Amino acid sequence: MDQSEQDRLRQEVDEVLHGQKQPEAPTGFKQNDYSNIRHVIGVVSGKGGVGKSLVCGILAVNLARRGARVGILDADITGPSIPRMVGLAGERARGVDELIVPNLTKGGIKVMSANLVLEHETDPVLWRGPVVAGAIKQFWEDCAWGELDYLLVDMPPGTGDVALTVFQSLPVDGVVIVSSPQDLVQMVVGKAVNMANMMSVPVLGLVENMAYVECPHCGEKIYPYGPSRLEETAKAFDVEALGQLGINPELAAACDAGTFETGLPEGILTEATDVVVSTAEFMDALRGQSQGA
Ligand SMILES: Nc1ncnc2c1ncn2[C@@H]1O[C@H](COP(=O)(O)OP(=O)(O)OP(=O)(O)O)[C@@H](O)[C@H]1O
C-alpha cells in the first residue's frame, strides 16, 4: 500500500470513528417472485441459550393454530434448533431450479434452516460472520416461501455483527426479546433493546423464560432465581412485559422428540401472540393508508 492509499484509508477510518461518516450499511435483502411475506417478526436475545428458539416455535405454533400462514427462518445458523423441535430432524430442503423450497411441518409451518441444507445434522458450521450473513440472505432471497402472513425469524443470539446485518437487511416489523431471569438482573436485555432501538425496529416486548418451576403435586410456583424482575426491567427499558415461561421438562422433552408442534399446550404465551397479531394489524392499517394516500 503506497503512502497516498495509506493516507486515504486513515482518513476514512478517522471519519468513521469520529462520526462524520457512517459505515456503509448492507443493502436490504430482496424478496423473490415466489414469496409474498406480509410480516416479519424477529425473536432475539441478548445472549445465547435463553430459549429464543423455543419462544419462536411457540409463537409460530400459536399463530398457525389461529389460522395464519406461518414460516420460520432459522437465522441461528451456527446453532440451529428449529428443525428438530418441529419434527424435521434428518430432512433435507429441496431445490427447484435456482430456488430452495422450505420444508413443511405436520401442522403446515414452513421452515428453512441450516440444518436442512447440511449433509449431517451434527456437521459444525465453521463460518465467519459474512458467510453466515450470506446464508441468511439466501434463506430470504432464494427461498420460495409462497404466501405467508408471518415469517418468524429465530435471530442469531446476541448483538454481534450477524444479528446486526439481519436487522438491517430484513424488513422486520418488530422483535420479541427473550431473556433468562439472570439476564434481567444483569441487564443483558438492555443490549437487545438498544440494538433494536438503534436499528429503528420496534420492540414488541419482553418474555422471561425459565422464570419458575411448578410443583407437579400442588402446582405452586417456585422461583429459584428469586422474585421475577420482568415488570421492573420492562419498565426500565420502556417496553411491554409479554409474559413468563416456567422451566417445563415436558416441553423440553417434546422439543427433543420433535413433537413440540402437536404437544404444545394451549394458553402458553397468549399475550405475546396477541401483541404480534395486533402489531401486524397495525402495520397493515398503516400500509393500507400509505397505499391509499
Ligand atoms: N422453559 C423451558 N423449559 C424447559 N426447557 C427449556 C425451556 N426453555 C428452553 N429450554 C431448553 O433449553 C435449550 C435451549 O433453548 P433454545 O434452543 O430455545 O435457546 P436459544 O436461546 O435459542 O439458544 P441459542 O440461541 O444459543 O441457540 C433447549 O434444549 C430447550 O428445549
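Just follow the structure's listing: the first ligand is 1, and inside any ligand the first atom is 1. Please read these numbers as outputs of a predicted model, since none were measured by experiment.
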Without placing hydrogens or testing angles, list every side-chain donor-acceptor pair under 3.5 Å for residues 204-219, not counting sequence neighbours.
{"residue": "Glu208", "atom": "OE1", "partner": "Ser228", "partner atom": "OG", "Å": "2.6"}
{"residue": "Glu208", "atom": "OE1", "partner": "Gln244", "partner atom": "NE2", "Å": "3.0"}
{"residue": "Asn209", "atom": "ND2", "partner": "Val50", "partner atom": "O", "Å": "2.8"}

Within the side chain of Ser278, is there an N or O that forms a donor-acceptor pair under 3.5 Å with the backbone of Asp274? yes
Would you say Cys56 contacts ligand 1, with heavy atoms under 4.0 Å as the rule? no
Is atom 14 (C) of ligand 1 less than 4.0 angstrom from some protein heavy atom? no
Could you check Arg66 against Asp149 for salt bridge (Lys or Arg N to Asp or Glu O under 4.0 Å), going step by step and ending with a plain yes or no? CA-CA 11 Å; Arg66 292 183 187 192; Asp149 298 308; over 6 Å; no
May I ask you to list the atoms of ligand 1 that are less than 4.0 angstrom from any heavy atom of Asp76? 24 (P), 25 (O), 27 (O)
Atoms in ligand 1 flagged as close to Asn248, the criterion being non-hydrogen separation under 4.0 Å: 2 (C), 3 (N), 4 (C)
Using non-hydrogen atoms of the residue, decide whether Ser45 is closer than 4.0 angstrom to ligand 1. no
Note: ligand 1 atoms sitting under 4.0 Å from heavy atoms of Ser81 are 17 (O)
All pairs passing side chain to side chain donor-acceptor pair (under 3.5 Å) where residues 245-261 contributes a residue, at least two apart: Thr105-Glu261
Under 4.0 Å from one or more heavy atoms of Ser53, ligand 1 contributes atoms 17 (O), 18 (O), 20 (P), 22 (O)
Atoms in ligand 1 with a heavy atom of Pro157 nearer than 4.0 Å: 25 (O)
Measure from the side-chain N and O atoms of Lys137 to the backbone N and O of Phe29, and report whether any donor-acceptor pair falls under 3.5 Å. no
Hey, is ligand 1 close enough to Cys255 that some N/O pair sits below 3.5 Å? no
When only distance counts, is Asp154 in polar contact with ligand 1, meaning an N/O pair under 3.5 Å? no
Contact bool for atom 3 (N) of ligand 1 (protein heavy atom, d < 4.0 Å): yes
Would you mind running through ligand 1 and noting each atom that sits below 4.0 Å from a heavy atom of Gly49? 19 (O), 20 (P), 21 (O), 23 (O), 24 (P), 25 (O), 26 (O)
Return yes when at least one protein heavy atom is under 4.0 Å from atom 29 (O) of ligand 1, and no when none is. no
List the steps, then state whether salt bridge (Lys or Arg N to Asp or Glu O under 4.0 Å) holds for Glu232 with Lys235. CA-CA 5 Å; Glu232 175 189 330; Lys235 213 167 167 191; over 6 Å; no
